[in-house]
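Chain identifiers are assigned alphabetically (A, B, ...) following the order of the sequence lines, protein sequences preceding nucleic acid strands; residue numbering begins at 1 within each chain. As the structure is a computational prediction, the values presented were derived from the model and not from experiment.
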Amino acid sequence: MLRNFRGRSEAGARGEYPKLFRNYTDTADHPKIMVNENFQKDFCRHLIGWYHSAHRTLPWRETRNPYFIWVSEAMLQQTQVQTVIPYYGRFIETFPTLIRLADADIQDVLKIWEGLGYYSRARHLYEAARIVCRTYGGTIPDTWASFRKLPGVGDYIAAAVLSFAFRQPHAVVDGNVKRVLARIFEIDEPVNQLSAKPVYQSVAKRLLSLHEPDMFNQAVMELGALICTPKNPGCENCPMSSLCRSFQNRSVSQYPKRVESRSVPTYAVSVGMVQNAQNRFLITRRAASGLLGGLWEFPGGKIQLNETPETACLREIREEVNLKVRIVENLGTIRHAYTHFRIIASVFLATADSSEVVLNGPVDYQWVSLDQISQYPLPKATHKMVALFLSKMPIPYVIRHENHMAVQKCRNGSGSRADTVHSGQFVSHQGGQGHQRR
DNA sequence: AAAGCGGGGCA
DNA sequence: TGCCCAGCTTT
């Protein structure tokens, strides 16, 4: 199995910031952040006025249903709006109420979440829904103290849901807000340092419109998404430029400041697509917590020193599912990037004489046909492997599976399928026992 | 306080 | 390729 990467802390490899800043828990006496009553009113007038004329229509802005808003905020965490839109629609269509979510199977929730990443968000949302049903009779609590306690609900989501659904005066602080505020006030505290959070929180709170907290929160995030963007900000069209210190000082490109992030390592891994005598593939389910928690994958893991991809594949399969298999085809490699590392995975087609699995690591397993595999929540990398496999299959095989999602992606991809089909690499899967190299 | 946690879009 | 994204949890 591909285990979570736990890196060593390398002093010096990271950008260790000298302590240049006071730790402001309030910014009332901050030298650069001067927000009097006049400024606050100007700020809100410019910002909210712009928002009314320029904002996008987004599905979760059409409702004040706290459950819908909560779902959207969970999905939007570290994820761009355009990515979330289709997932949001499918989620609330499948789980139209909090009670329906709480009564669902977590595997079905993960299936809807598949491809969105950060799967603990789905698990926490599901667990929180069950808690709300159990503790509050299915009514989402509308106080900070009670809502903020729920799993997966941090300061941002609590402020967002309570302000958007109930118009309570809590200021949101997300990546957009920090970028906007850092530029407007030339705030030097790095936005990706934990110690800077109280500064941005304090500024946002002092600026917040108590009259329209929901509009204010939407507007400042919308400004960050549409005008005050990370690259090429549209200062010439910005409604805040007359209030913006970095615009006046031509220092916009220097804000926000951030501490250097570590470059991610690349690991060579080896994965086996193991077929049994019925031509079904072995998939295993990962533990519920941690990387890709609860998702299904083909067995495999890191290639160790002095190992070939082939021997690593055989070892991982022996370790994880205690099967002795025979490699019949090298399908090639796929690449994939996670948060803290990248992988280059060698993918092998293998056969097992026995289907008797003994798990060590994974928490469940199934032998499935390719038609069935799309019923399980799979990581993106596993989808790439399925697509790689199909790209090596003869055309009749692919046509039999033309409804499979991976086939669609394959066809929309490099278009290499026809090439590989004629490369002499294919294996027959038309119902025969075993696999013959042509 | 720092690290873990996906995947897509973009210059 | 590296950076960034409507962050939260765990250690």
Side-chain angles (χ1 to χ4, degrees), chain A residues 2-11 13-17 19 23 56 58 60-61 69-88 110 113-125 127-128 148-161 163-164 171-180 191-197 200 204 217-226 229-232 256 258-264 266 286 289-295 335-343 377-384:
Chain A
L2 183 61
R3 293 195 163 72
N4 303 9
F5 170 63
R6 302 187 188 282
R8 298 284 180 279
S9 185
E10 300 166 22
R14 303 184 51 79
E16 307 251 343
Y17 245 62
K19 287 235 168 183
N23 279 341
R56 297 167 291 181
L58 300 175
W60 44 89
R61 286 179 176 160
I69 293 169
W70 187 2
V71 170
S72 76
E73 296 302 343
M75 290 185 167
L76 285 162
Q77 171 184 336
Q78 295 290 285
T79 309
Q80 295 184 343
V81 164
Q82 292 308 315
T83 304
V84 166
I85 289 174
Y87 282 90
Y88 173 79
L110 286 173
W113 210 274
E114 177 187 60
L116 197 54
Y118 283 166
Y119 298 94
S120 68
R121 296 181 294 176
R123 193 173 66 250
H124 288 141
L125 183 60
E127 288 302 327
R148 174 67 177 77
K149 281 197 189 87
L150 294 167
V153 178
D155 290 342
Y156 168 78
I157 289 182
V161 172
S163 69
F164 298 150
V172 298
V173 177
D174 73 332
N176 287 309
V177 175
K178 285 188 279 192
R179 184 173 59 255
V180 168
V191 289
N192 60 343
Q193 257 195 351
L194 208 59
S195 58
K197 188 178 174 185
Y200 292 96
N217 283 336
Q218 293 282 11
V220 63
M221 290 192 287
E222 192 77 341
L223 187 77
L226 299 183
T229 50
K231 294 169 189 170
N232 305 323
R258 49 178 59 244
V259 297
E260 194 178 329
S261 56
R262 188 192 338 200
S263 61
V264 299
T266 299
R286 298 176 64 93
S289 63
L291 183 73
L292 304 170
L295 274 66
R335 293 165 176 270
H336 193 69
Y338 296 88
T339 307
H340 296 291
F341 58 91
R342 305 170 191 278
I343 61 166
L378 309 174
K380 189 69 183 175
T382 301
H383 276 297
K384 289 182 183 176

Whole angstrom is fine here: how far is it from CD1 in I69(A) over to C1' in dA6(C)?
13 Å

Let me know the distance between OH of Y119(A) and C1' of dG7(B), rounded to the nearest Å.
7 Å

By side chain to side chain contact (heavy atoms under 4.5 Å, CB included) - contacts of T266(A) (at least two apart)
R342(A), I344(A)

Every protein N/O lying under 3.5 Å from an N/O of nucleotides 3-5 of chain C:
unit_1 : atom_1 : unit_2  : atom_2 : d
dC4(C) : OP1    : R258(A) : NE     : 3.4
dC4(C) : OP2    : R258(A) : NE     : 3.3
dC5(C) : OP1    : R179(A) : NH1    : 2.3
dC5(C) : O2     : Q78(A)  : O      : 3.4

Separation between the P atoms of dA6(C) and dA11(B), rounded to whole Å
15 Å

Atom CD of E73(A) and atom C1' of dG7(C): how far apart are they, to the nearest Å?
11 Å

For atom CZ of F341(A) and atom P of dG7(B), their distance in whole Å:
10 Å

Just the rounded figure in Å: distance from C1' of dG2(C) to CG of N192(A).
14 Å

Any residue meeting side chain to side chain contact (heavy atoms under 4.5 Å, CB included) with S163(A), in chain and number order, not counting sequence neighbours:
N217(A)

Return the value, rounded to whole Å, for the distance between atom CE of M75(A) and atom P of dG7(B).
15 Å

Minimum-distance nucleotide (side-chain atoms of H340(A) versus dG6(B), dG4(B), dA6(C)):
dG4(B)

Residue set satisfying side chain to side chain contact (heavy atoms under 4.5 Å, CB included) with A159(A), at least two apart, ordered chain then number -> W144(A), H170(A), V172(A)

ring-ring contact (aromatic ring centres under 6.0 Å, His included) partners for Y87(A), two or more places apart:
none

For the pair L116(A) and M75(A), evaluate side-chain contact (heavy atoms from CB on, under 4.5 Å) and give the outcome as yes or no after the intermediate values.
CA-CA 8 Å; L116(A) 197 54; M75(A) 290 185 167; 3.8 Å; yes

side-chain contact (heavy atoms from CB on, under 4.5 Å) between L58(A) and Y88(A), intermediate numbers included:
CA-CA 11 Å; L58(A) 300 175; Y88(A) 173 79; over 6 Å; no

Check the distance between dG8(B)'s P and R121(A)'s CZ and give it to me in whole angstrom.
12 Å

Quick one: label W113(A) by what it contacts on the DNA or RNA (base, sugar-phosphate, nothing), any heavy atom closer than 4.0 Å.
nothing

R335(A): partners by salt bridge (charged side-chain N to carboxylate O under 4.0 Å, His left out), with sequence neighbours left out:
none

Assess whether one donor atom and one acceptor atom, taken from the side chain of T339(A) and the base of dG6(B), lie less than 3.5 Å apart.
yes

Who pairs with E127(A) by side chain to side chain contact (heavy atoms under 4.5 Å, CB included), at least two apart in sequence or on another chain?
R130(A), P151(A)

Regarding Q82(A), tell me which of base, sugar-phosphate or nothing describes its non-hydrogen contacts under 4.0 Å with the strands shown.
nothing

Hits for ring-ring contact (aromatic ring centres under 6.0 Å, His included) against H336(A), two or more places apart or cross-chain, chain-then-number order -> Y338(A)

Under the 3.5 angstrom rule, does the side chain of T79(A) hit a backbone N or O of Q77(A) as a donor-acceptor pair?
yes

Please report the distance separating the P of dT10(C) from the corresponding atom of dG6(B), rounded so that it comes out in whole Å.
14 Å

How is G115(A) classified with respect to the nucleic acid when contacts are heavy atoms under 4.0 Å: base, sugar-phosphate, or nothing?
sugar-phosphate

Whole-Å distance, L58(A) CG to dA6(C) P, equals 11 Å

Pairs under 3.5 Å (N/O, protein and nucleotides 8-10 of chain C):
unit_1 : atom_1 : unit_2  : atom_2 : d
dC8(C) : OP1    : G154(A) : N      : 3.1
dC8(C) : OP1    : I157(A) : N      : 2.8
dC8(C) : OP2    : Y156(A) : N      : 3.2
dC8(C) : O4'    : Q77(A)  : NE2    : 3.4
dT9(C) : OP1    : G152(A) : N      : 2.6

